[in-house]
Amino acid sequence: MAEKEKLRIDKYLWSIRLFKTRTLAADACKAGRVKLDGNNIKPSHEVKLGEVYQVSKGPDKKTIRVTGLLESRTDAKTAVAFYEDITPVEQTPGFKSMFHAPILKRDRGTGRPTKRDRREIDDLKGDYFEKEDSE
């Protein structure tokens with residue numbers, strides 16, 4: 001567990017296991033999915049203790065506070081000690097799944113829905129949202 005005084009954000013996000021590869025972490029920074037105080041940062045940004053970063057990874061958004069600098073990738077149990085997850089409960093995937101409409105999926109290869117299928121799908125979606133509004 002080597003600690004450094006200077007560490008790039010892409011290497012830090014990779015070492016604490018938020019991204020599978022350092023390239024993915026760098027690409028996320030370039031795409032604006034890693035923010036510091038609401039501002040996009042470059043992959044070469046130096047990480048400092050106590051800074052708070054917002055990381056978007058697909059539909060998930062995490063807010064982390066840096067508690068230590070970890071240069072090399074280690075096991076998940078060790079990596080957790082180098083950051084603090086301060087994501088609000090409302091933004092966690094488990095919380096979101098309780099309040100979203102059910103995702104309707106069709107079997108692969110069944111083709112486009114027929115007009116009758118489309119009406120049934122619309123009825124299912126409509127019933128779900130009407131129940132929420134009436135409560």
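Keep in mind it's a predicted model, so treat the numbers as computed, not measured.
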Practice task
Could you tell me whether Asp122 and Arg118 have a side-chain N and a carboxylate O separated by less than 4.0 Å?
Solution key: yes
Problem - Minimal non-hydrogen separation, Ile16 against Phe82, with atom names - result: CG2-CB, 4.2 Å
Practice task
Check whether NZ of the Lys or CZ of the Arg Lys57 lies under 6.0 Å from the centre of the six-membered ring of Phe19 and within 45 degrees of that ring's axis.
Solution key: yes
Exercise for the section: Measure the shortest side-chain to side-chain distance between Glu84 and Ile64 over non-hydrogen atoms and say whether it is less than 4.5 angstrom. Expected result: no
Practice task
Indicate yes or no: at least one non-hydrogen side-chain atom of Asn39 is less than 4.5 angstrom from one of Leu36.
Solution key: no
Completion exercise
Value for OG1 (Thr114) from CZ (Arg112), rounded to nearest 0.5 Å, stands at 10.5 Å
Problem - Whether Ser15 side chain and Leu70 backbone form a donor-acceptor pair below 3.5 Å - result: yes
Handout entry: Over all atoms of both residues, closest heavy-atom pair of Thr21 and Trp14
Key = C-CD1, 3.5 Å
Practice task
For side-chain contact (heavy atoms from CB on, under 4.5 Å), just list the numbers for Val47 and Tyr53, CA-CA rounded to whole Å, side-chain angles, deciding distance to a tenth of an Å, and then say yes or no.
Solution key: CA-CA 10 Å; Val47 178; Tyr53 295 100; 4.1 Å; yes
Practice task
Look only at the side chain of Ser56 and the backbone of Val34, and say whether a donor-acceptor pair between them is shorter than 3.5 Å.
Solution key: no
Practice task
Determine yes or no for a side-chain-to-main-chain donor-acceptor pair under 3.5 angstrom, with Arg17 supplying the side chain and Thr74 the backbone.
Solution key: yes
Practice task
Determine the minimum heavy-atom distance between Thr87 and Thr63, stating which atoms define it.
Solution key: OG1-N, 2.9 Å
Problem - Hydrophobic cluster identity match, Leu7 and Leu49, side-chain contacts under 4.5 Å - result: yes
Handout entry: Lys48, NZ atom: more than 12 neighbouring heavy atoms under 6.0 Å
Key = yes
Exercise for the section: May I ask whether Val80 and Val55 are part of the same hydrophobic cluster, defined by side-chain heavy atoms of I, L, V, M, F, W, Y residues being less than 4.5 angstrom apart, directly or through others? Expected result: yes
Handout entry: Atom pair NZ/CZ of Lys20 and Arg73 - distance to nearest 0.5 Å
Key = 9.0 Å
Practice task
Output yes when Asp10 and Arg8 qualify as a salt bridge under the 4.0 Å nitrogen-oxygen rule, no when they do not.
Solution key: yes
Exercise for the section: Taking all non-hydrogen atoms of both residues into account, name the closest pair between Glu46 and Glu51 and its distance. Expected result: O-OE1, 3.9 Å
Practice task
To the nearest 0.5 angstrom, please state how far the OG1 atom of Thr67 sits from the CZ atom of Arg65.
Solution key: 9.5 Å
Exercise for the section: Go through the steps to decide whether Gln54 and Lys62 satisfy the test side-chain contact (heavy atoms from CB on, under 4.5 Å), and finish with yes or no. Expected result: CA-CA 6 Å; Gln54 295 84 29; Lys62 281 189 172 275; over 6 Å; no
Practice task
Could you state whether Ile86 and Ile9 fall into the same hydrophobic cluster, counting links through intermediate Ile, Leu, Val, Met, Phe, Trp or Tyr residues with side-chain heavy atoms under 4.5 angstrom apart?
Solution key: no
Exercise for the section: Answer yes if the side chains of His45 and Tyr12 hold a donor-acceptor pair under 3.5 Å, and no otherwise. Expected result: no
